[in-house]
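Any value given below was found using the heavy atoms of this structure, including those in side chains, with hydrogens, waters and symmetry copies removed. Remember, it's a predicted structure, so these values are computed and weren't measured experimentally.
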Amino acid sequence: MIEMSHPANWKALQNNVCQILTECGYQANTPKKLNSTRGKVEVDVYAVDNNSYPMITYICECKNWNRRVRQDVVFSFRTIVNDIGADVGIIISLKGFQSGAIKTAKNTNIRLLSWEDFQKTFLIRWYNTYFIPRIYEISRQFIAYTEPINSHIKRKADNLENEKFKKFISLRKKYETLSFLILGLYTLSYKNATPPVLPLNTKYFKDIASDSPFLNEIL
């Protein structure tokens, strides 16, 4: 899961949906006023996938209600999606959907998702587009000091006093495996790797090592 807790209110739900889509690389806004065939309309979240061709547009309706979403809500939302010309409409409901709503959305471009299902839908893209690159960015300096071949760091280490040099070598040896694993995860993100189930275990790292020769050598 991307977020472990439920949003506290409707505004938080909108903001969280918008944030996740933004972190997935979409151009997202909340709220957003749009022109439709019936005039101006405001939607909870509007997102555009500029990395796809043709470009894909999403409209999200966020329902933090104490009851399940009714059929008429889906009818109205479907009309808005069609009038605007969006490719996909998503209703996110914290309490689910009535059977009539599910029937109305069937075989259309409307997706009815719980908060958990919304996150699962975008999890792989979020993981590879945002999470792993972010971890790598935070760890870049750490990686530089732990990788075995780095002429700049080697020159700095060679100028250390004897005891400090020994300490540096000891720390590099201690953390080099972690450094390589971060590099391996970052490499796999280009292959749209599936996010691991937490907590991480030895089997997971053995599995990803098969795609990364340098990881295979140290595990």
Side-chain angles (χ1 to χ4, degrees), residues 1-8 11-30 45 47-52 115-219:
M1 298 297 291
I2 299 172
E3 297 283 347
M4 298 306 295
S5 60
H6 277 207
K11 187 65 174 178
L13 178 58
Q14 282 187 205
N15 290 339
N16 286 359
V17 166
C18 187
Q19 180 178 340
I20 288 173
L21 292 177
T22 299
E23 291 173 351
C24 285
Y26 299 105
Q27 182 181 338
N29 300 95
T30 181
V45 180
V48 178
D49 185 0
N50 291 313
N51 294 319
S52 64
W115 173 232
E116 290 77 11
D117 287 338
F118 171 78
Q119 295 182 77
K120 289 177 184 177
T121 299
F122 293 94
L123 179 59
I124 291 178
R125 177 154 176 167
W126 178 86
Y127 176 79
N128 291 288
T129 301
Y130 173 76
F131 181 74
I132 291 301
R134 179 63 176 153
I135 293 296
Y136 175 75
E137 185 64 28
I138 293 172
S139 307
R140 285 182 66 180
Q141 191 170 19
F142 166 73
I143 292 170
Y145 276 88
T146 51
E147 61 183 352
I149 302 175
N150 187 314
S151 57
H152 174 67
I153 299 301
K154 184 179 184 303
R155 286 194 298 271
K156 293 178 67 174
D158 288 342
N159 291 325
L160 294 173
E161 298 174 359
N162 187 50
E163 289 303 316
K164 289 184 178 181
F165 179 78
K166 289 181 179 179
K167 183 67 173 178
F168 168 76
I169 296 300
S170 174
L171 289 172
R172 188 174 70 178
K173 184 176 180 61
K174 179 179 179 179
Y175 292 108
E176 65 181 1
T177 299
L178 176 59
S179 175
F180 280 128
L181 289 174
I182 294 172
L183 279 172
L185 290 172
Y186 183 66
T187 301
L188 290 177
S189 70
Y190 288 99
K191 301 180 181 180
N192 288 324
T194 301
V197 176
L198 298 177
L200 299 182
N201 54 39
T202 303
K203 182 181 182 303
Y204 172 73
F205 290 118
K206 292 288 186 183
D207 289 342
I208 68 171
S210 62
D211 288 331
S212 304
F214 65 89
L215 282 177
N216 205 24
E217 292 177 4
I218 64 175
L219 291 174

Student: Count the heavy atoms of every other residue, nucleotide or ligand shown that sit under 6.0 Å from NZ of K11, and state whether that count exceeds 12.
Tutor: yes
Student: Using side-chain contact (heavy atoms from CB on, under 4.5 Å) as the criterion, list what pairs up with E23, not counting sequence neighbours.
Tutor: Q19, W126, Y130
Student: Compare every heavy atom of R125 with every heavy atom of N51, then report the nearest pair and how far apart it is.
Tutor: ND2-NH2, 3.7 Å
Student: If you compare all heavy atoms of P7 against all heavy atoms of W115, which two are closest, and at what distance to 0.1 Å?
Tutor: CD-NE1, 3.5 Å
Student: Roughly how far, to the nearest 0.5 Å, is OH of Y26 from OG1 of T129?
Tutor: 8.0 Å
Student: How long is the straight-line distance from CZ of F118 back to CG of L21, given to the nearest 0.5 Å?
Tutor: 4.0 Å
Student: Go through the steps for K166 and E161 under the test side chain to side chain contact (heavy atoms under 4.5 Å, CB included), then give the verdict.
Tutor: CA-CA 9 Å; K166 289 181 179 179; E161 298 174 359; over 6 Å; no
Student: Measuring from I20:CD1 to N15:CG, what's the distance to the nearest 0.5 Å?
Tutor: 11.5 Å
